[in-house]
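Notes to accompany the following structure.
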Amino acid sequence: MPRLLASALSLRRDPRLLKLPPYLSLLCIVVGVVWLFLLPLDDYSRRTYISENALLPGQVHTYFGGSDQNVFRAYKHETDELAGKGNIEVNDKLESIAKGLGLKVGRQNFTYSSAGNTHSGQNIYAILQAPRGDATEAIVLVAAWKNVKGELNRSGVPLVLTLARYFKRWSLWSKDIIFLFTPDSIAGPQAWVDAYHDAHDSSRVASLPLKSGALQGAIALDYTRETRFQSVHIVYDGVNGQLPNLDLINSVNHVAGGQMGMGVAIQEMWKHSNSYHDRLQTMLRGMLKQGLGLASGPHSSFIPYHVDAVTLQPFGEGWQDEMAIGRVIEGTFRSLNNLLEHLHQSFFFYLLMQRERFVSIGTYLPSAMLVAANFTIMAIALWVKSGQPDVQEIITEKTKTAEEAERIVSPNPHVASERDLFLPLVLVAVCQFLGVVPLYLFNHLSESALIPAFVLFSVLSSILPFLLSNLLHTSTTSTTAQQYHLIRSFSLLLLGMFLSSLATLNFSLAFFVGVFSAPLTFVRPCPNSSTLRWLSMVVLYVLSPTTVVLVASMLPGLDEKVGCGLGEVLRQAAFAWDVTGTYTPVVVWCVWWPAWIVGVVSVLGRPGAGDKKVKKA
Amino acid sequence: MNGGKVTLRRTAGLYAGAAVLRLALFTLFPGLPDLLTGRVEISTPVTSFKRLQEGLFLYNHNVSPYDGGVYHQAPLLLPIFNLLPSFSAFPIFTYLLYIAIDILSAHALLRIAESGEAGSSARFTSPRRDKRWSGAIVAALFLFNPFTIATCIGRSTTVFTTCAILHAIANAISGRPFHAMVALAFASYLSMYPLLLLPPLILLCYDRQKLPATGAPNAWIKFTATMVMDVFGALAVLFQMSFFLTGSWEFLSSTYGVQLTLSDLAPNIGLWWYFFVEMFDSFRSFFLAVFWLHLSSYVGGLSVRLRQQPLVVITLLLGIFSIFKPYPSIADASLFLGMVPLYRHVFPLLRYSFVIAAIIIYTTFLGPAFYHLWIYAGSGNANFFYAITLVWGLGLSLLVCDLAFAVLRDEWEVERPEMAGKEIRQI
C-alpha cells in the first residue's frame, strides 16, 4: 500500500500530467455538447407520466357546452364592442358583468417605466368563493386583453367570462377561483401576482383590495382567433427559465389530448412527427427560451412565486370550437380542484422534446456541468503550472553544462515556487467590477439612446483589452508568464464557478454561455506566433458577447419574423429587467463579458518580455 | 520615527477606508442590511439582529426578553442597544457601533500581527519568520474580507464575540493576562463556546508574561489558578449583572441552554441542524453529548501537541469552532480567515491552498443558489443546501488540517534540519 501511494505521488509530479488538462477540457466540452444531442433518443428521454395521484386528469365528465354557447356569443358581442376602447372603459364593463354574476371584484393600477417608456394600466379580477372551501387556496384563470404580440384576445376574454358564469353554478369547488383580466400579457400579470404576494413596490404597483388563499395553479388563455381551431399550444416557459411542475403540463395534455381528442403542441412546433429531428428542434427551442429567461405569456410571472402556470393557445384550422377549449379548462380546473397539497411530486427541471417525452435534470444536467467543469479543470491546471519554476527557460537561457542545469533544477522540484498573486487578483477583480457598467447602462438609458450606446460600448469593449494589455506592459514591473497563468486561472475559476451555480438555476443559459466562452479555455499568450495570436483574436471577437448579441438580433426570430432588430432586443431586455426581474443581462455582462475581456488580454500578452530586458541590463 | 508616523497614517487610512466602505454600503443600499440580516448564512438564532430587535422591544415594554422564545442572546446586549437612539428613527448610530466594533477587532488583530507571536513564540522560533505580513496587511485582509463586511452589514451580534476574542489574544500577547481573561470572559458570556479557548489562552499568557517565572517549580499552578479565577470571577460579575437586569436566572437556559440543546433548528451553515432534524428523539440527548464532546475534545489534544505555539492552537480551534459549533455563521469563518494571514511564513508549506480557495468560493455562490432553490423556487429541497454546507465544512476543515500540517512541518524542520525541503512519506 505505501508503495502504491508513493508511486501515485510520484505520478503527481510527472510533467506529462500537466499536458493533459487542455485535452481533458476539450473532452469535457465535446462530451457535454454531444450529450445534449443524445438526449432526444429513446434511450435517454422518458415518457411523461402523472405523479400526483390526486390530479386524476380526464377522469371527470365535462358539461361545459350546449346553452353556454349562447352565453359565449352574448359576451362576445359585449366585448367586441369594447375593442379599441380605453383600459378603464373595458374594466368598467367587465366589472359590471362580473358583479352581475355575483362575484367580488377588485381593481389594481400599476405603472412601470422601462427604457424611457411607461407601461401602465389597470388589472381587474373577480373572485369566485369556493362553496366547499375556506378561502385558503385558490386557482387563477387569466385572460389578458392583449396577448404578447399585441393582438386582441377576442375570444379569450368572453370565454373566461362564460366560464366564470358556468363555474359559479357548480357547487363542487373546494378552492376559490380567481378570474383575472389584465390589459397586457406581461406587466399586468406581474403587477398582480407581485401584489398578491405583497412583494410589490407600492410606488409603482397598487396593493390588491381583495385577496383569497394561496395560489395553487394558474391557467392563462390566449385565444385571439375567431374561427374554429385544430389543437392547443401549451406555453410553459417562466421568467428566468423556471418551469411549472411537469404534472400540470401533463394534466392539460391528458385532458386536451386524451379526453377531448385535440392535438397538443409545445414550443411552436405546429407539426411534430416525433422524429429525432423534431424532438431535437423542440428541445433546442425550449432551451433557447429558457436561456433568454423572458416572460413568454401571462403565466410566466406566476412561476417565480412557485405557482404552476401555463398559457393555452388554440391554433390551426380544424373543427374544434370555443366550447372545446372551455371544456379543456374545465377539466384542468377540476383536476387542480382535487389537489390536496401544492404540486410537488413531479419534476420542476425538465426539457420537453415532444408533448409526451421529456428528460429530467439528472439526465441533462451533466452536459452543462461538464462544460462548466472544463473551465475549472483548466483553472486548476494553470494554478499548478504557475507554481512550477520555469525550468526550460532557465536551461535554454543559460547554456550551462548538463550537470549545472541539473543542479539548478533539482533543489526544489516538489516545492511550488512562490506566486505573485497581487496583479492577477486586481486585474480579474477590476474586470469583474467593470461588468456593472454595461449592466447599468443598458437598463437605465431611454429607448432612443440604446442603439448608439450599444455601438459605442461595442467599440470600447473591443479596444479595452488592448489598453489593459498595454497597461500591463508599460508598467515598471512587466507581467511575467506566471502572472499570465494566474490571470487566466482566476478568470476561468470564476467563470466555472458562476456557470456551475447557474446551471442549477437556469440550465440552458449556463450551457449557452459555457459553449460560447469555450475558446477562453484554450487561448493563451502567443508571443512567438503571430498567426496563432490573430487566429485566437478572430475566434474571440466572433464569439464576443457584443457580437453574439448583435448577430442574435439579426437572425430570424422564433416566430418566423426576420430578425427583430437590435433596438427591439435591447428594449425587451431592459423591459424584462425592470418589470419581470430577468437576470440574463447580469450573466451576460457580469459573468461572460469580464471573462471574455480577460481572455483577450491574455491573448495579447507578451509574458516575460520585460523580465529578459531586466536581466540583460 | 518618520516610519512610525507613516505606518500610523497608513493604519488610520486603512480604518477610515474600511469605515467609509461600510458606511457607504449601509447608506447607499438601504435594502442591503435587512436583506443580509435575513440570510441564514449570516444570522443564526443566537446572533440574529432581527431577534435582538424583538428582545429589545420586549425589554423596553417591561416583559422578559426571553418570553416567546425568539431571543437567545446575552441580556447585557439589551441595555447597550437601548442606550443608542431608537433604531427605527436613527439607524445610523447602530451602523456606527457595528463599524466601530469591526475596527476595534481589526486593531486587535493588527496588534497580534505586529507582535510577531505567530512566527516566534516564547518557546519556538520559526526559521521562516522573516517572511511575514505587516499588521496593516493582516488587518486589511480582515476588514476587506467580504465575509466580515457581510457580517457587519448584516449586524450579526457575533461581531462582539469576535472583538472580545481578538482582544483577549492581543492582551495575552502583550503581557496583560488579567485583561485577556476579562476579555475572554466577555466572549464566553456572549457566546459560551469561547470558554473552550481558555487552556491555550492561559498557555499564551504564561509564555508571554512580563516577569519570568520565579523559579518556583509550581509557579505555573498558581498562575493557572489565578487565570481561571479571573475568568470565572469576571463571568460571575457578568451573570450577576444580568440577573439584576432581567430579574431572574431564566436567561441562562434561554441563551446557553439553546446552544447546549440545539432547541432552535433553523438552518445554518453548520453541520448540526440537519442531523438533529432527522434524529429520533430518544437519541437526541446522546448525540448532543457526542457533538459537544467532539467539539471540546480538540482543545486538550491541540494544546498538548502544539504546546510551543499557543497562538496556533487558538487559531486552529477557531477554525474548528467555525465548522463544528452548534450555530456557526460566516462570521466565525471570517474570524478564522482573519487569523490565517498571521501565518504567512508557513504559506509555502500549504499544500491545498488553491483547492481550499476554490471550495470556499464555490460554496459561497452555490450555497445561496441552493437555498433559493429550496426555500423560494420550491424546486429543490433541504438536501441541496445541506450538501453545500457539508462542502463548506470540508473547505474549512481542509484549511485547518493544512495549516496544522504546515505549522507542524515547520517545527519538524527545526528539529531535523536535514529533512528541509524533502517530501514526507508515511511509513
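The figures here come from the full heavy-atom set of this structure, side chains too, leaving out hydrogens, waters and symmetry mates.
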Inset, instruction - Would you mind checking which part of A:S500 comes under 4.5 Å of any heavy atom in chain B, side chain (CB onward), backbone (N, CA, C, O), both or neither? - result: both

Inset, instruction - To the nearest 0.5 angstrom, please state how far the CD1 atom of B:I361 sits from the OG atom of A:S501. - result: 11.5 Å

Legend entry - Heavy-atom pair of closest approach, residues B:F354 and A:A379: CZ-O, 3.8 Å

Inset, instruction - Tell me, yes or no, whether the heavy-atom count around B:R10 atom CZ, taken from other residues, nucleotides or ligands under 6.0 Å, exceeds 12. - result: no

Inset, instruction - Mind checking ring-ring contact (aromatic ring centres under 6.0 Å, His included) for B:F365 and listing every partner two or more places apart, or none if nothing turns up? - result: A:F498

Inset, instruction - Please report the closest heavy-atom contact between A:L505 and B:L373, naming both atoms and the distance. - result: CD2-CD2, 3.6 Å

Legend entry - B:F29 CZ: over 12 foreign heavy atoms closer than 6.0 Å: no

Legend entry - Between B:Y362 and A:T376, a side-chain donor and acceptor under 3.5 Å: yes

Legend entry - Point-to-point distance, once rounded to the nearest 0.5 Å, from CE of A:M497 to OG1 of B:T364: 7.5 Å

Legend entry - Toward chain B, the part of A:I380 with a non-hydrogen atom under 4.5 Å: both

Inset, instruction - Could you look at B:Y376 and say if it's the side chain, the backbone, both or neither that has a heavy atom under 4.5 Å from chain A? - result: backbone

Inset, instruction - Heavy-atom distances under 4.5 Å only: say whether B:S353 touches chain A with side chain, backbone, both or neither. - result: side chain

Inset, instruction - Tell me, please, which residues at least two apart from B:E418 pass salt bridge (Lys or Arg N to Asp or Glu O under 4.0 Å). - result: B:R416

